[in-house]
**Student:** 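Starting off with a structure, shown below.
Start at 1 with the first residue, then count along the sequence. Worth knowing before you read on, the calculation uses all heavy atoms, side chains too, and leaves out hydrogens, waters and symmetry mates. Whatever order the structure lists ligands and atoms in, that order sets their numbers, starting from 1.
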Amino acid sequence: MEPILVYGFPAGSSMGLVAALEWLGKPYRLCRVDMLGEMREPAYARINARHETPALVTDDGSVLTETMAIAHWFAARDSDRHISFEPRSAEADRMLQLMAFLNTGFTGAFTPLWAALEMAEPDPPMQAVLRRFGREMVIERHDKLEAMIGETPYLVGDHPTLADGVLVGVARWLEFHEVASSDRWPKLAALRRRLDADPAVRYAIAIESGEVLAGTGACRGHVPLPEVIERFGR
Ligand SMILES: N[C@@H](CCC(=O)N[C@@H](CS)C(=O)NCC(=O)O)C(=O)O
């Protein structure tokens, strides 16, 4: 069977993995999850007990969670090296380093902003502190990422890889939370413009907003969440 990527909307980091699957070019399916609704329901725990997306149903029907593990699963099957590099190469090391930075400190910096936004019982003083702390963290992590970006058109080399996929799903939260203008980080801004114009990213964004756009043809359609839970949930 084709692997099924379980992706969250709205504004999920998993959007970047959809783009990566398009770049990879091997057959896959998608499963759409409303993160504000069905992801929080008890049944979803059978896919991910931490109630998070993304998740991947692999080609043998097992469920894999965590962005880094899913990206590694893709890389291990990327025989033509569309989105990854030969293990033990300098590019592979740099790609993993960037992905680890993006998936930990960079993504985590937005946590106070999400917490302020999603607080069930409004607490304005606490929300103001979270927003201020979050903004400072996000700006600091952007400064660090800007310094890590080299002279290549994409994060590693001349074509988009898994590192760019991990970046593109999360970077847009800068505007979502109105932290700062992306032009403050010129290298990152140029990279983001390049990625936003990429057909795979445009396809992934359209899918996330529920639209239908012609992709590479690698996507063999959606599987409804109840079916994924029933067939593959633990
Ligand atoms: N460590 C996990 C974190 C995944 C994560 O935080 N996903 C977000 C969406 S981008 C989520 O599901 N958050 C829970 C929520 O929104 O309630 C990974 O890298 O896959």
**Student:** Considering only residues two or more places apart or on different chains, which pairs with a residue in residues 100-119 satisfy side chain to side chain donor-acceptor pair (under 3.5 Å)?
**Tutor:** none

**Student:** For Glu211, give me all partners under salt bridge (charged side-chain N to carboxylate O under 4.0 Å, His left out), at least two apart in sequence or on another chain.
**Tutor:** none

**Student:** With a 4.0 angstrom cut-off on heavy atoms, strictly below it, pick out the residues next to ligand 1 and order them by chain and number.
**Tutor:** Ser13, Met35, Met39, Arg40, His51, Glu52, Thr53, Pro54, Glu66, Thr67, Asn103, Trp173

**Student:** Measure the acute angle between the ring planes of Phe106 and His142, then classify it against the limits of 30° and 60° as parallel, tilted or perpendicular.
**Tutor:** tilted

**Student:** Run the ring-centre check on His222 versus Tyr7 and record whether the distance is less than 6.0 Å.
**Tutor:** yes

**Student:** Among Leu167, Leu188, Leu98, exactly one meets side chain to side chain contact (heavy atoms under 4.5 Å, CB included) together with Ile149. Which residue is that?
**Tutor:** Leu188

**Student:** Which pairs pass side chain to side chain donor-acceptor pair (under 3.5 Å) with one or both residues in residues 190-199, sequence neighbours excluded?
**Tutor:** Trp23-Asp198, Glu175-Arg192

